[in-house]
Visitor: 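Before I ask anything, here is the structure I am working with.
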There are 2 protein chains.
Amino acid sequence: MRIGELAERTGISRRLLRYYEEQGLITPERCANGYRVYSEEFVDRVTQIRGLLDAGLPTRIIRQVLPCLNRPRDIHFTDATPEMLALLERERDAMSRRIEVLARNREAIGAYLVAVRDR
Amino acid sequence: MRIGELAERTGISRRLLRYYEEQGLITPERCANGYRVYSEEFVDRVTQIRGLLDAGLPTRIIRQVLPCLNRPRDIHFTDATPEMLALLERERDAMSRRIEVLARNREAIGAYLVAVRDR
DNA sequence: TGAAACCCTCACACTCGTGTGAAGGTAAAG
DNA sequence: CTTTACCTTCACACGAGTGTGAGGGTTTCA
């Protein structure tokens with residue numbers, strides 16, 4: 001599949017797909033004319049990258065973390081250095097905090113909306 | 001309280017506090033010599049701004065939304081135009097989606113950590 | 001009085017994730 | 001053959017956040 005199809009299937013712009021490649025998060029094949037060629041698994045992979053980005057992880061961290069979190073469920077332990085594990089733990093905790101803040105603010109907005117509706 | 005104390009109490013740098021002011025998110029008093037003066041409520045206010053920013057709302061939206069979400073719990077209905085309400089609803093839903101993604105990715109990382117620990 | 005620790009504005013500059021468009025090559029269909 | 005829809009790289013620009021520094025005022029305390 002070429003970049004346009006992947007973009008359509010993941011909802012990620014071509015631009016961003018190229019950016020993720022530039023950042024070393026994905027490395028598609030190239031065919032003779034230079035076009036990028038993506039295999040099926042890139043759909044999942046790209047979706048996961050988006051998820052992690054939305055989670056607030058910078059590409060720098062994602063680059064380190066992705067090899068561990070590889071899809072499908074065959075977890076790779078190869079590169080799980082203690083530093084990496086500590087990093088992952090910190091990120092997981094940061095995500096928990098982010099979720100809490102997010103939920104709290106969503107409740108605040110939700111409560112406001114309810115209050116206005118019942119006014 | 002002056003900017004240094006607020007920075008210390010909220011964990012937000014002076015630089016950013018000035019930036020939020022520049023963006024119209026907070027408007028501290030000034031005393032005669034030009035120093036910014038913050039009342040107690042700014043601690044909450046600034047924390048909430050950070051929360052909303054972390055939640056992915058741009059300052060542009062926060063600026064519109066903050067007057068409605070004012071602390072403490074005395075909700076202001078004054079500026080609740082239908083457009084604003086629709087905006088808030090959309091943002092709330094976007095936050096829900098973001099929370100889901102975040103939670104899913106946290107689980108993925110958590111599962112990985114558990115798997116590595118139990119190896 | 002002087003030094004330390006605040007504060008002010010202004011401004012340059014960098015990162016990061018994105019959008020957008022230019023200039024050009026390629027492929028498929030009329 | 002030409003049009004259309006892809007693809008390529010390159011580059012400028014934005015918003016949000018952030019660091020840093022210059023140049024200058026104020027407060028506090030020894």
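Every chain is numbered from 1 and lettered A, B, ... according to where its sequence line falls, protein lines coming before strand lines.
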Visitor: Are side-chain N/O atoms of B:Y38 and B:R45 paired as donor and acceptor at under 3.5 Å?
Guide: no
Visitor: OP1 or OP2 of D:dA16 less than 4.0 angstrom from a side-chain nitrogen or oxygen of B:T59, does that happen here?
Guide: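 Yes, because at least one side-chain N or O of B:T59 sits under 4.0 Å from OP1 or OP2 of D:dA16.
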Visitor: Between D:dC7 atom P and A:R2 atom CZ, what is the distance in whole Å?
Guide: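 Rounded to whole Å, this separation is 5 Å.
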Visitor: Would you tell me whether A:Y20 and A:R50 have side-chain atoms, one donor and one acceptor, within less than 3.5 Å of each other?
Guide: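 Note: A:Y20 and A:R50 side chains meet the donor-acceptor criterion.
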Visitor: Measure from CZ on B:R36 to P on C:dC6 and round the result to the nearest Å.
Guide: 17 Å
Visitor: Would you say A:N33 reaches D:dC7's phosphate, i.e. side-chain N/O to OP1/OP2 under 4.0 Å?
Guide: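 No, because none of the side-chain N or O atoms of A:N33 sits under 4.0 Å from OP1 or OP2 of D:dC7.
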Visitor: Looking at residues at least two apart in the chain, or sitting in another chain, which of them share a side-chain contact (heavy atoms from CB on, under 4.5 Å) with A:S96?
Guide: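 Only B:R106 meet the side-chain contact (heavy atoms from CB on, under 4.5 Å) criterion with A:S96.
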Visitor: How long is the line joining CD of A:Q23 and P of C:dG17, in whole Å?
Guide: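 Rounding to the nearest Å, CD of A:Q23 and P of C:dG17 are 6 Å apart.
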Visitor: Separation of A:R15 atom CZ from D:dC12 atom C1', in whole Å?
Guide: 11 Å
Visitor: Closest heavy-atom contact between B:P28 and B:V37?
Guide: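 In terms of heavy atoms, the two residues are closest at CB-O, 3.5 Å.
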Visitor: Rounding to an integer number of Å, can you tell me how far A:L17 CG sits from D:dC6 P?
Guide: 15 Å
Visitor: Just how far, in rounded Å, is C1' of D:dT18 from CD1 of B:I12?
Guide: 12 Å
Visitor: Between A:R30 and B:L16, which is nearer to the 5' end of DNA chain D once each is assigned its nearest nucleotide?
Guide: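 On the 5' side of the pair lies A:R30.
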Visitor: Please determine whether a side-chain nitrogen of the Lys or Arg among A:R30 and A:E21 lies less than 4.0 Å from a carboxylate oxygen of the Asp or Glu.
Guide: yes
Visitor: Minimum heavy-atom separation for A:I62 to A:I49, with atom names?
Guide: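 That closest heavy-atom pairing would be CD1-O, 4.1 Å.
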Visitor: Among residues 91-104 of chain A, which contact DNA chain C at a heavy-atom distance under 4.0 Å?
Guide: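 Listed by number, there are none.
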Visitor: Rounding to a whole Å, what distance do you find between B:L57:CG and D:dG17:P?
Guide: 11 Å
Visitor: Does A:S13 make a side-chain N or O approach to OP1 or OP2 of C:dG19 shorter than 4.0 Å?
Guide: yes
Visitor: Go through the N and O atoms of the side chain of B:Y19 and the base of D:dG15, and report whether any donor-acceptor pair is under 3.5 Å.
Guide: no
Visitor: Classify the side chain of A:Y20 and the base of C:dG17 as holding, or not holding, a donor-acceptor pair under 3.5 Å.
Guide: no
Visitor: Let me know the distance between CZ of A:R60 and P of C:dT15, rounded to the nearest Å.
Guide: 13 Å
Visitor: Out of curiosity, B:N105 CG to A:L52 CG, how far, rounded to the nearest 0.5 Å?
Guide: 4.5 Å
Visitor: Of the listed nucleotides (C:dG17, C:dC7, C:dG25), which one gets closest to any side-chain atom of B:Y35?
Guide: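 Per side-chain heavy atoms of B:Y35, the pick is C:dC7.
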Visitor: Nearest to the side chain of B:R50, which nucleotide is it out of D:dT8, C:dC8, D:dT18?
Guide: D:dT18
